[in-house]
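What's counted below: heavy atoms across the whole structure, side chains too, no hydrogens, waters or symmetry copies.
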There are 2 protein chains.
Amino acid sequence: MASRSRRPERRQEPLSRERIVGVAVELLDTVGERGLTFRALAERLATGPGAIYWHITGKAELLAAATDAVVAAAVSAGPAGPTGSGGSAGPTGAGPSPQDAIRAVALNLFDATEAHPWLATQLATQLSRTPWGTVAPRIFESLGRQVRAMDVPEAHWFTASSALMHYILGAAGQNAVNAEGTDTPGSEVDRDEFLDTVSTAWEGLDPDDYPFTRAVADQVRGHDDREQFLDGIALVLAGITALHSPGR
Amino acid sequence: MASRSRRPERRQEPLSRERIVGVAVELLDTVGERGLTFRALAERLATGPGAIYWHITGKAELLAAATDAVVAAAVSAGPAGPTGSGGSAGPTGAGPSPQDAIRAVALNLFDATEAHPWLATQLATQLSRTPWGTVAPRIFESLGRQVRAMDVPEAHWFTASSALMHYILGAAGQNAVNAEGTDTPGSEVDRDEFLDTVSTAWEGLDPDDYPFTRAVADQVRGHDDREQFLDGIALVLAGITALHSPGR
DNA sequence: ACCTGAACACCGTTCAAGT
DNA sequence: ACCTGAACACCGTTCAAGT
């Protein structure tokens, strides 16, 4: 006779940092950065705004924790997506090459910024405001291990890993479609419309000031973001090999 | 008998978009993003908050305009700084090579993010929120022209230029010390303290989870940011040459 | 056309008071 | 120890009213 829901009273779980951060990510995904307020958060958690401050020091920490949670999930996820699976395995077939592993991490981060439109901006904020935080090491470590596996000499580990990380962050930042207010954040239609908007804008630039940009404007239309992103990764990897490979 | 100041009544110049944006940049530089409010802006302009809305649609446009102004100044500035001048000129000595020009643009942007701690975050915001704006073309154009001058085939112009831009934006973003609240934004002491903080934090990471990051933590201490940044540029340029140079 | 400044609807954060 | 919710000090933006 009493209610018999599978999971007992989802409502009344005690407040916790994890639960708060989880709802914060949900809010960021659905209503954007402006929609993440302590009042909205409190309402979804069926509590008052003040209660949140017992677990989190303030909004800065909340955003940092949300960013960290999403990045942690991205770098520890397995290889994903159709474009990423075409890489060559090692000669003996004993698992992915370091280059493949780098591509997998990079694509996971790239996809995360598309799934969470707020992520790119928050990554920039977190890395520039608190670079000693947990976000940078997570990314740096997962890339650096593979750089080491590529037999890059130790003196160049830092430069090579940094270059990879910077390219990934820069590219992810620019490709993130910030669809604040759009109801279908990552749909195909939005995507094409978006690329078309950029392409058209570039074609309309002053011919005297922007000859190059105008010349490539048409290449923007309908290009595959992930493929373009991987081309850039290949370029950086080629640079690492050219400058730092021991066999040269 | 009347007042005879050199420049007549600096106070009473009419309000204009340029004047508003100029003061906005000043406020961003001195009191940070949080300190840029319409009330503070109005006070410095000796007017009321509402007056600003006659020239600017809102805070979003204000931040976009401030970012655009700083980027425009950076990409159109001449080669600057001691580290950038050591490059090789063309064989006939007839001006800088495309690679030198790329280094100059990159360094100017890098230096701009250090002079304006808010720039890195704003670049990410502007590029992800309104990529059809003026900021991306400015950077893209100044890099792309040089890529073309490097004799990269047209099919690879977009990839090569994008890779350069993304690396620069990512690196500039991470190296920007966001000294909000610090009185001396870019001082040497701050710089060393800052690097020391990062290095120490990385050394304190879990040895099982972060072996690579710990291994390179010491390299962070006391390293030269601009040199490190240029090493990354060299790496990307090497990748462009390796993959896209016609003579291979 | 351009400016004024009060007013509105919010927001992050605090804190006495509860359990 | 943990939560409540009213209150405080803001903030972006609007708009009737002025010149």
### Query
Are B:Glu141 and B:Val75 close enough, and set up right, to give a side-chain contact (heavy atoms from CB on, under 4.5 Å), and what steps lead you there?
CA-CA 10 Å; B:Glu141 178 75 21; B:Val75 298; over 6 Å; no
### Message
Under a plain distance cut-off of 3.5 Å, with no hydrogens placed, do A:Trp202 and A:Asp218 share a side-chain donor-acceptor pair?
### Response
no
### Task
Calculate the interatomic distance between A:Glu43 atom CD and C:dC11 atom P; express it in whole Å.
11 Å
### Message
As a test of your reading of the structure, name each stem of DNA chain C as range with range, where a stem is three or more consecutive Watson-Crick or G-U pairs at under 3.5 Å.
### Response
C:4-8 with D:12-16, C:12-16 with D:4-8
### Task
Please list all pairs passing the ring-ring contact (aromatic ring centres under 6.0 Å, His included) test where one or both residues lie in residues 20-39 of chain A, with sequence neighbours left out.
A:Phe38-A:Tyr53
### Message
Nearest to the side chain of A:Thr37, heavy atoms from C-beta on, is which of D:dC3, C:dG12, C:dC3?
### Response
C:dG12
### Message
It should be established whether A:Trp54 places a side-chain nitrogen or oxygen under 4.0 Å from OP1 or OP2 of nucleotide D:dC3.
### Response
no
### Message
What's A:Leu36 touching, base or sugar-phosphate or nothing? Going by heavy atoms closer than 4.0 Å.
### Response
sugar-phosphate
### Contact residues, residues 62-69 of chain A to DNA chain D [heavy atom, < 4.0 Å]
none
### Query
Partners of A:Asp196 by side-chain hydrogen bond (donor to acceptor under 3.5 Å, both in side chains), sequence neighbours excluded?
A:Arg221
### B:Phe212 and A:Phe140 aromatic ring geometry - parallel, tilted or perpendicular at 30°/60° bounds
tilted
### Summary
Quick note, ring-ring contact (aromatic ring centres under 6.0 Å, His included) partners involving residues 13-36 of chain B, not counting sequence neighbours, are none
### Separation of C:dC3 C1' from B:Leu41 CG (nearest whole Å)
15 Å
## Note on the structure
A correct 5'-to-3' footprint of nucleotides 13-19 of chain C, with B, S and - meaning base, sugar-phosphate only and no protein heavy atom under 4.0 Å, is BB-----
### Query
Is the backbone of B:Phe158 close enough, under 3.5 Å, to the side chain of B:Ser162 for a donor and an acceptor to pair up by distance?
yes
### Task
Without swapping roles, check the side chain of B:Tyr210 against the backbone of B:Glu203 for a donor-acceptor pair under 3.5 Å.
no
### Task
Report the distance from atom CG of B:Leu45 to atom P of C:dC3, rounded to the nearest whole Å.
10 Å
### Under 3.5 Å: donor-acceptor pair, side chain of B:Arg214, backbone of B:Leu205
yes
### Query
When all nucleic acid strands are considered with a 4.0 Å heavy-atom cut-off, which category describes A:Ile52: base, sugar-phosphate, or nothing?
nothing
### Query
Taking side chain as C-beta onward, heavy atoms only, is A:Ile168 less than 4.5 Å from A:Phe229?
yes
### Task
Could you tell me whether the side chain of B:Ser199 and the main chain of B:Leu195 form a donor-acceptor pair under 3.5 Å?
no
### Task
In whole angstrom, give the distance that lies between atom CD1 of A:Ile20 and atom C1' of D:dC3.
11 Å
